[in-house]
Amino acid sequence: MGIQIHDTMAGEKVEFHPVVPGQVGLYVCGPTVYDHAHLGHARCYVAWDVVVRHLRARELVVKYVRNFTDVDDKIIARAAERGEDPIAMAARFADSFLEDMDAVGCLRPDVAPRVSGSMPGIVDLIGRLVEKGFAYAPGNGDVYYAVRKFPAYGRLARRNLDDLLSGARVDPGESKRDPLDFALWKGAKPGEPAWDSPWGKGRPGWHIECSAMTLEHLGAPFDIHAGGKDLVFPHHSNEIAQSAAAISGRLAPEDFARHWMHNGFVEIDQEKMSKSLGNFFTVKDLLRLHDGEALRLLLLGTHYRHPINFSDGLLGDAERRLGYLYETLEKADRIAEGAALDPVVSPWAEGSRTALDDDFNTAAVLGILAEAFTAANAAADRKGKKTPTDRGALARFALDARSVGAELGILQREAGEALRALRTRAAARRGIDPALVEARIAERAEARRAKDFGRSDAVRDELLALGVVLQDGASGTTWKVE
RNA sequence: GGCUCCGUCGCCAAGUGGUAAGGCAAGGGUCUGCAAAACCCUUAUUCCCCGGUUCGAAUCCGGGCGGAGCCUCCA
């Protein structure tokens with residue numbers, strides 16, 4: 001059984017076979033950068049990041065393209081409010097976005113084209129569509145795509161033109177022949193960024209950019225086009241219509257992209273989280289209080305196509321869980337140091353990869369990891385001296401855990417360092433002063449030496465009231481924030 | 001109204017025809033000066049409801065009920 005992916009076009013899981021054996025072209029619709037990234041972005045791009053990581057782990061050479069939409073109505077509007085240059089503002093939010101995605105452990109794409117830098121391809125593509133009769137310029141500076149010329153229009157979203165007609169509307173000032181037609185090029189309005197074109201100065205419509213950028217960076221057909229569920233219609237549907245019309249004599253959607261994948265939403269109180277509803281968390285806000293890897297762990301706990309109902313408590317749980325994982329790794333590393341590695345790859349690591357083969361089932365992998373970690377702790381805590389075999393097995397565990405973790409984008413930090421970072425953050429969150437804790441621990445150590453357990457327990461209780469939990473171990477007392 | 005999707009233990013969540021993973025929480029235990037951590041044990045004869053198909057269904061089909069999304073910008 002090879003890699004199975006859920007293809008929105010097929011409506012089911014299909015076996016994945018790249019167009020060119022051994023190579024994968026992946027295009028992910030990137031953000032429109034008019035504000036900081038929110039949790040929904042993190043969810044989405046973490047999901048596709050796992051896809052990239054796993055395909056690469058399966059020895060496929062992946063070319064990962066993810067655009068920035070930096071020319072858009074919302075950007076122009078927001079920049080006007082702030083009295084900023086729209087492209088410059090977009091560039092700033094793009095940087096902010098990359099910073100956030102780095103923080104949740106996402107690999108950078110191989111190519112990250114921007115609309116503002118892709119104008120020649122966009123204009124050229126529109127020109128081809130006009131030439132072939134799929135697009136028309138009514139003379140007001142706009143260019144529209146004629147959806148009725150494309151027989152497969154709406155197939156991805158399982159919509160037909162008549163279903164769509166009821167909800168369609170035409171803005172005043174547009175000169176569409178059909179209400180469902182959409183703009184490929186918008187004639188410039190005063191004060192807006194504009195580029196030259198055969199139809200006059202203007203800027204691209206929303207959908208054409210992605211078509212142009214995929215064709216420029218991946219060619220056609222390419223393997224996987226991915227994005228949020230909300231893009232199925234109209235964005236991806238329109239992309240298919242444009243692209244296939246431009247490149248495919250038979251107007252076949254599959255001549256553009258072979259597979260379409262879509263991630264589910266983050267919800268707050270069972271409702272879609274979105275900028276327009278105003279119920280969103282920015283990644284930056286969340287990361288001020290919580291570890292980026294913890295957020296990633298939380299996101300990986302739900303299959304990428306399912307909705308995640310987010311709450312702050314869940315993120316706290318994930319952070320504690322991350323602490324457990326790193327504590328286990330630290331323990332295993334300590335015991336296994338210098339041991340001869342058990343040469344056999346753990347069955348559970350193989351099982352994890354198989355689970356990822358099945359439409360990237362990260363939640364199942366976390367279940368598998370949980371059992372492996374429990375077993376590792378049991379082995380590490382077992383009484384008696386560790387044999388070389390025991391230690392080699394723990395070395396194996398740690399290696400495989402990091403290797404599976406690499407496909408999920410977690411557990412790549414040095415364990416002790418990660419634990420210190422988690423503790424520092426948790427202490428800051430609770431307003432705990434580490435120096436004070438250390439001082440109290442020293443006092444308590446003295447009391448314990450004197451067998452003054454009354455005083456010792458008083459310190460424990462005092463710190464516990466602050467949220468500090470003490471752990472007495474063979475090599476002294478350590479502390480953590482509960 | 002049309003089109004998608006979802007409903008699994010108190011909470012989170014896999015599983016989509018072969019007899020319910022995992023995490024959190026809870027209870028009991030081992031360990032500990034006491035704890036904490038870790039580990040062990042316990043906790044869904046049952047998967048929203050009602051029919052049907054099948055030797056067999058949480059998984060397939062039909063009908064309800066409940067929730068979400070898209071059809072307008074959105075990851």
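Chain naming here is simple, since letters A, B, ... match the order of the sequence lines and numbering starts at 1 in each. Just so it is clear, the values below take in all heavy atoms, side chains as well, and ignore hydrogens, waters and symmetry mates.
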Of the listed B:A75, B:C71, B:C34, the closest approach to the A:Arg460 side chain comes from B:C34
If you check the A:Glu327 side chain, which of B:C34, B:A37, B:A21 turns out closest?
B:A37
Donor-acceptor pair under 3.5 Å, [X] side chain vs [N] base:
X        : N     : result
A:His38  : B:A75 : yes
A:Arg158 : B:G69 : no
A:Asp457 : B:G33 : yes
A:Asp317 : B:C11 : no

A:Asn67 vs A:Thr69, side-chain hydrogen bond (donor to acceptor under 3.5 Å, both in side chains): CA-CA, chis, key distance, verdict
CA-CA 6 Å; A:Asn67 71 292; A:Thr69 295; 3.1 Å; yes
Is there a side-chain contact between [X] and the phosphate of [N], meaning an N or O under 4.0 Å from OP1 or OP2?
X        : N     : result
A:Arg321 : B:C24 : yes
A:Asn263 : B:A75 : no
A:Asn309 : B:C12 : no
A:Tyr324 : B:C39 : yes
A:Lys229 : B:A68 : no

Under 4.0 Å, heavy atoms only, any strand: does A:Gln471 hit a base, just the sugar-phosphate, or nothing?
base
So what does A:Leu231 touch, heavy atoms closer than 4.0 Å: a base, only the sugar-phosphate, or nothing?
sugar-phosphate
Just grab all the ring pair (Phe, Tyr, Trp, His ring centres under 6.0 Å) pairs involving residues 440-481 of chain A, residues at least two apart or on different chains.
none
Between B:C47 and B:G10, how many Å separate the two P atoms, rounded to a whole number?
13 Å
Evaluate the criterion side-chain hydrogen bond (donor to acceptor under 3.5 Å, both in side chains) for residue pair A:Asp359 and A:His6; output intermediate values, then yes/no.
CA-CA 6 Å; A:Asp359 198 30; A:His6 182 94; 5.0 Å; no
Regarding A:Arg448 and A:Asp457, does a basic nitrogen lie under 4.0 Å from an acidic carboxylate oxygen?
no
